[in-house]
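What follows is a short report on a single structure.
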Amino acid sequence: MSDYRIESDSMGEMKVPSDAMYGASTARAVENFPVSGLRFPREFIKALGRIKLAAATVNQDLGRLPKARADLIRKAAGEVVDGTWDSHFVLDIFQTGSGTSTNMNANEVIAHRCSQLASQPSVHPNDDVNMGQSSNDVIPAAIHLAATDLLQSSLLPALKSLHSALAKKAIEFESVIKIGRTHLMDATPVTLGQEISGWARQVELGIHRLESALPRLTELAQGGTAVGTGLNTHAEFGSRIAMELSRAYGIKFNEAVNHFEAQAAQDAAVELSGQLRTLAVSLVKIANDVRLLNAGPRCGIGEITVPAVQPGSSIMPGKVNPVIAESLAQVCAQVIGNDATIAFAGASGLLELNVMLPVIAHNLLESERLLASACRMFTDKCIIGLQANRERCLEQIEWSMSMVTSLAPVIGYDQASMLAKQSVAEGKTVRQLCEEHAILPVAELNRLLDPATMLKPNR
């Protein structure tokens with residue numbers, strides 16, 4: 001028995017694996033693009049299935065597709081939505097820039113499944129499954145659907161959990177006074193809670209930035225067909241598809257205001273990627289602060305302790321490293337690199353079509369997925385279990401020469417500067433020098449050097 005069957009498309013006959021759900025067009029593309037082994041992710045295939053299912057309903061409602069065929073397409077497309085046939089979406093990301101091959105992959109899988117479900121009526125991948133559509137509006141619409149879905153269902157919830165955990169830690173440590181640092185050098189005191197509140201605000205602003213992109217991201221190109229004119233589809237197709245997809249996802253989608261913009265450019269994807277990059281930059285700052293404050297534990301800053309999740313060295317017994325923060329930082333590096341790819345790809349619109357759609361889809365969805373997973377990991381395995389080393393914080397405040405800052409308004413900047421230098425040279429605290437030289441009465445000195453009085457404006 002042959003392992004192949006022969007199928008035909010507009011270019012002629014092709015060998016197709018006998019157990020494949022796809023047809024000749026997909027098989028041809030498999031041969032044409034043996035590049036990376038990278039495939040479209042689950043969210044994108046789900047979006048394709050949703051579009052095909054919605055299109056069958058809309059085309060039936062518009063009197064263009066018989067109910068029997070629409071029912072078959074809905075059934076088969078629903079299985080694509082559920083992931084039943086993911087292994088038959090076999091095409092490389094680095095393919096035709098419009099994603100036509102993957103659109104046809106979906107059309108052929110659905111048509112083939114329809115033929116399994118019922119021999120009559122036959123369902124054609126182009127004439128029926130792809131009715132009223134073009135790859136040039138399907139793929140941009142699928143990018144927006146999948147990116148919005150991932151944002152709402154995965155990334156935003158992960159960020160909100162991280163923000164909540166950081167906000168709780170900020171409250172928990174609001175009384176832990178420590179030395180502040182600027183330029184990595186000793187500065188005036190802050191509380192650990194104040195420091196962490198800055199991290200929480202960074203994440204909160206990241207959430208707001210991502211949400212601000214949604215009005216553009218929820219515009220769908222569907223209905224523009226080949227070049228944005230809507231040729232070969234119904235005038236209401238785009239708006240009706242948007243309504244169907246809104247019901248399916250529980251998210252309000254709208255037909256693109258201008259189909260020429262929606263297909264010639266990918267500015268909404270570039271915008272979202274830019275917000276993901278900004279979030280990645282924020283998270284690197286937070287991860288690096290965690291690593292610095294945890295440094296030690298005995299020979300570094302050592303003001304916090306992160307949970308020990310695994311041995312840190314194959315040669316140094318007892319060493320524990322901040323591996324969760326390191327993992328997060330590496331994810332952020334990948335996201336920042338992905339953004340550079342998306343920016344270049346977004347600039348590659350040529351007249352009526354952007355021709356780097358697959359690589360935009362791959363990198364955008366990867367960035368969302370990686371950030372969501374890394375934020376959940378960072379919350380659960382690092383932030384929730386983070387501990388303050390209170391004694392170490394107090395010790396370093398007393399030892400810091402920057403405590404002299406609170407004396408400057410009383411004794412003058414020049415004398416305070418001399419005290420700071422003398423503190424370093426003699427290895428003494430500012431308090432010790434002031435007491436030795438009777439610079440101020442003891443009560444006044446204790447009042448001025450109380451770190452709790454240095455945590456907010458004087459008036």
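Nothing fancy with the numbering, it's 1 onward along the sequence.
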[Y] and [X], any side-chain heavy atoms less than 4.5 Å apart:
X      : Y      : answer
Ser327 : Phe378 : no
His362 : Phe94  : no
Ile286 : Val203 : yes
Leu293 : Lys178 : yes
Val323 : Glu326 : yes
Leu292 : Leu184 : yes
Glu255 : Ile241 : no
Arg64  : Thr233 : yes

**Request:** Step by step, work out the side-chain hydrogen bond (donor to acceptor under 3.5 Å, both in side chains) result for Glu219 and Asn254.
**Result:** CA-CA 5 Å; Glu219 281 194 28; Asn254 299 289; over 6 Å; no
**side-chain contact (heavy atoms from CB on, under 4.5 Å), paired with Met104, selected from Asn126, Val129, Asn130** =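 So the option named by the test is Asn126.
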**Request:** For the pair Thr278 and Gln275, evaluate side chain to side chain contact (heavy atoms under 4.5 Å, CB included) and give the outcome as yes or no after the intermediate values.
**Result:** CA-CA 5 Å; Thr278 303; Gln275 304 295 25; 4.2 Å; yes
Between [X] and [Y] (side chain of the first, backbone of the second, donor and acceptor by atom type, cut-off under 3.5 Å), is there such a pair?
X      : Y      : value
Arg216 : Ser212 : yes
Glu31  : Ala29  : no
Asn363 : Ile342 : no
Asp137 : Gln263 : no
Asn105 : His88  : yes
Ser115 : His112 : yes
Arg5   : Ala20  : yes
Glu108 : Ser25  : yes
Arg39  : Val90  : yes
Ser164 : Ser161 : no

Between [atom1] of [X] and [atom2] of [Y], what distance do you get to the nearest 0.5 Å?
X      : Y      : atom1 : atom2 : result
Thr305 : Asn294 : OG1   : CG    : 6.0 Å
Met14  : Asp9   : CE    : CG    : 7.5 Å
Thr57  : Ile73  : OG1   : CD1   : 9.5 Å
Asp339 : Phe344 : CG    : CZ    : 14.0 Å
Arg247 : Arg50  : CZ    : CZ    : 12.0 Å
Leu156 : Glu368 : CG    : CD    : 8.5 Å

Does [X] come within less than 4.0 Å of [Y], counting only side-chain N to carboxylate O?
X      : Y      : answer
Glu172 : Lys169 : yes
Asp86  : Arg42  : yes
Glu244 : Arg240 : no
Lys160 : Glu211 : yes
Asp71  : Lys67  : yes
Arg369 : Glu366 : no

**Request:** List the steps and the verdict of salt bridge (charged side-chain N to carboxylate O under 4.0 Å, His left out) for Arg201 and Glu204.
**Result:** CA-CA 5 Å; Arg201 179 60 173 162; Glu204 183 181 21; 3.1 Å; yes
What are the two closest non-hydrogen atoms of [X] and [Y], and how far apart are they?
X      : Y      : answer
Val335 : Leu276 : CG1-O, 3.8 Å
Ser98  : Ile139 : O-CG1, 3.3 Å
Ala56  : Ala70  : O-CB, 3.8 Å
Thr26  : Leu91  : O-CD2, 3.6 Å
Phe40  : Gln95  : CE1-NE2, 3.5 Å
Val80  : Ile45  : CG1-O, 3.7 Å

**Message:** Applying side chain to side chain contact (heavy atoms under 4.5 Å, CB included) to Leu65 and Asp128, what does each step give before you reach the verdict?
**Reply:** CA-CA 7 Å; Leu65 188 66; Asp128 298 317; 3.8 Å; yes
**Item:** Worked check of side chain to side chain contact (heavy atoms under 4.5 Å, CB included) between Thr191 and Phe173
**Value:** CA-CA 7 Å; Thr191 70; Phe173 299 145; over 6 Å; no
**side chain to side chain contact (heavy atoms under 4.5 Å, CB included) between Asn389 and Glu303, worked out** = CA-CA 5 Å; Asn389 299 327; Glu303 292 175 349; 5.6 Å; no
Please check if the number of heavy atoms outside [X] that lie under 6.0 Å from its [atom1] is greater than 12.
X      : atom1 : result
Asp61  : CG    : yes
Ile6   : CD1   : yes
Met243 : CE    : no

**Asked** Going by atom types only, do Asn103 and Lys52 share a side-chain donor-acceptor pair under 3.5 Å?
**Response**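 Judged by distance alone, the side chains do pair up.
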**Request:** Under the side-chain hydrogen bond (donor to acceptor under 3.5 Å, both in side chains) rule, what do Thr225 and Asn232 come out as? Steps first, then yes or no, please.
**Result:** CA-CA 7 Å; Thr225 63; Asn232 287 355; over 6 Å; no
